[in-house]
S.K.: 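One structure follows; several queries about it will come next.
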Amino acid sequence: MKKAVSVLDIVEKKGKERIVMVTAYDSTMARIVDASDVDIILVGDSAGNVMAGQKTTLPVTMDQMIYHTSCVTAVEPKALVVGDMPFLSYQTGVEEAVRNAGRFLKEAKCQAVKLEGGQRVIEQVRAIVKADIPVMGHLGLTPQSVHAFGGFKVQGRGEHAAKHLVEDALKLQDAGVFSLVLECVPLNLAREVTSALSIPTIGIGAGVFCDGQVLVIQDLLGMSKEFKPKFVKRYANLFDGIVEALDTYATEVRQGIFPDDEHSFLE
Ligand code: KIV
């Protein structure tokens, strides 16, 4: 039987075993993910994109994240569940950050939270960690900063930007994060950050040298026809598989093949 994964288990994997994380936003998917060998379920604010059809994660609210995270924890996954703090739930100040992080554990019953940014949110990270709420950091292409970045662009290119990112990573580690997501950064910068830290890095679009990997589940299962950035590898083609199943269903209903006796109450 699968053992429950804790934050300490994740930290201890550094240098021994690579960490596998995927997103999930509902109980059906959480159950499927937990039947696999995945270590961490991230209830990402990418819910705004893949569940709500928004172009950015900016409209996502705390209540929506509490709802999605509660749906995931309802099936009591053995994988560690991390709730993603949405835009303006922590940037506004320390007190609001701690209260909102606390809601994830108290109401949504996950084990940790993730938030984006380095130095500029360091006081919030310290305060949340001080409240005994484990925090996962997130640097590089942090999607809540899309407008400040001028679009979804690779970050940390060039000496100055790279140095800044390494400094932010060290500050986050010092503030107490238990792991760090690196999104869309050059692979050699990810290698430098990974070897500079004693906590694990989890990459997305950050190459092979991170201590782990994360993908949005709809991307890795091939559930979208259009969205295929360079860093996504599709491990299934569920879009076509589901359309095929639905077409078969439609044909059988129209031709009177389904429902047959096997799927009817004969008395
Ligand atoms: O919201 C999300 O899914 C994320 C991952 C892509 C890291 O932040």
Side-chain angles (χ1 to χ4, degrees), residues 10 18-26 29-30 33 38-62 64-69 71-72 79-91 100-101 104 108 110 112-118 121 125 134-146 149 152-156 165 168-169 172 177-185 190 193-194 199-207 210-221 223-224 227-235:
I10 297 303
R18 300 191 80 216
I19 298 156
V20 184
M21 177 158 96
V22 291
T23 66
Y25 318 93
D26 65 87
M29 200 58 100
V33 171
V38 160
D39 301 306
I40 307 177
I41 299 176
L42 171 67
V43 188
D45 64 350
S46 50
N49 308 120
V50 290
M51 302 305 285
Q54 306 284 344
K55 285 197 167 43
T56 74
T57 56
L58 300 176
V60 177
T61 67
M62 262 308 290
Q64 288 166 350
M65 289 309 300
I66 294 294
Y67 170 75
H68 286 297
T69 310
C71 292
V72 167
L80 183 79
V81 180
V82 179
D84 206 3
M85 298 192 70
F87 181 55
L88 289 193
S89 69
Y90 57 97
Q91 291 90 339
N100 282 324
F104 274 96
C110 61
V113 298
K114 177 174 85 58
L115 55 78
E116 299 180 5
V121 291
V125 173
V135 179
M136 178 182 277
H138 186 165
L139 292 174
L141 172 47
T142 43
Q144 291 172 19
S145 308
V146 58
F149 291 154
F152 294 100
K153 296 176 182 167
V154 172
Q155 299 297 307
L165 196 140
D168 265 352
L172 283 169
V177 302
F178 74 94
S179 59
L180 176 64
V181 170
L182 292 176
E183 180 162 354
C184 290
V185 298
V193 173
T194 301
I199 52 157
T201 58
I202 302 178
I204 174 165
C210 293
D211 298 302
Q213 176 68 37
V214 55
L215 282 177
V216 168
I217 196 150
Q218 280 80 358
D219 296 344
L220 85 90
L221 294 180
M223 295 180 82
S224 155
F227 188 70
K228 174 74 177 75
K230 181 175 166 63
F231 58 84
V232 167
K233 180 170 176 182
R234 289 184 179 150
Y235 288 85

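Just so you know, these numbers come straight off a predicted model, no measurement behind them. Whatever order the structure lists ligands and atoms in, that order sets their numbers, starting from 1.
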S.K.: H138 and P143: which non-hydrogen atoms are nearest, and at how many Å?
M.R.: CE1-CD, 4.0 Å
S.K.: Which pair of non-hydrogen atoms, one from F152 and one from K55, has the smallest distance, and what is that distance?
M.R.: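 That would be CZ-O, 4.1 Å.
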S.K.: Counting N and O atoms only, with roles assigned by atom type, does the side chain of T142 sit under 3.5 Å from a partner on the main chain of Q144, one being a donor and the other an acceptor?
M.R.: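 A pair under 3.5 Å: no.
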S.K.: Might you point out which heavy atoms bring G212 and R18 nearest each other, and give the distance in Å?
M.R.: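 Between these two residues, the closest heavy atoms are O-NH2, 4.3 Å.
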S.K.: Return yes or no for this condition: an N or O of D45 is under 3.5 Å from an N or O of ligand 1.
M.R.: yes
S.K.: Check each atom of ligand 1 against the heavy atoms of D84 and keep those under 4.0 Å away; list them by number with element.
M.R.: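 Close to D84: 1 (O), 2 (C), 8 (O).
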S.K.: Does H138 have a non-hydrogen atom less than 4.0 Å from ligand 1?
M.R.: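 H138 counts as a contact of ligand 1 under the 4.0 Å cut-off.
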S.K.: If I apply the N/O under 3.5 Å rule, does T23 come out as touching ligand 1?
M.R.: no
S.K.: If you take all heavy atoms of C210 and A190, which pair is closest and at what distance?
M.R.: SG-CB, 3.9 Å
S.K.: Counting heavy atoms only, which of T57, L42, V22 is nearest atom 7 (C) of ligand 1?
M.R.: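 Comparing heavy atoms across T57, L42, V22, the nearest one to atom 7 (C) of ligand 1 lies in L42.
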S.K.: May I ask you to check if ligand 1 and S46 share an N or O to N or O distance below 3.5 Å?
M.R.: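 It does: an N or O of S46 is found under 3.5 Å from an N or O of ligand 1.
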S.K.: Which residue and non-hydrogen atom of the protein lie closest to atom 8 (O) of ligand 1, and at what distance in Å?
M.R.: K114 NZ, 3.1 Å
S.K.: S224 and F227: which non-hydrogen atoms are nearest, and at how many Å?
M.R.: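 Residues S224 and F227, closest heavy atoms: OG-N, 3.1 Å.
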S.K.: Between A30 and I41, what is the shortest heavy-atom contact and its length?
M.R.: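 Between these two residues, the closest heavy atoms are O-CD1, 4.2 Å.
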S.K.: What are the atoms of ligand 1, with element, lying closer than 4.0 Å to any heavy atom of G44?
M.R.: 1 (O), 2 (C), 3 (O)
S.K.: Nearest protein heavy atom to atom 6 (C) of ligand 1, by residue and atom, and its distance?
M.R.: I204 CD1, 3.7 Å
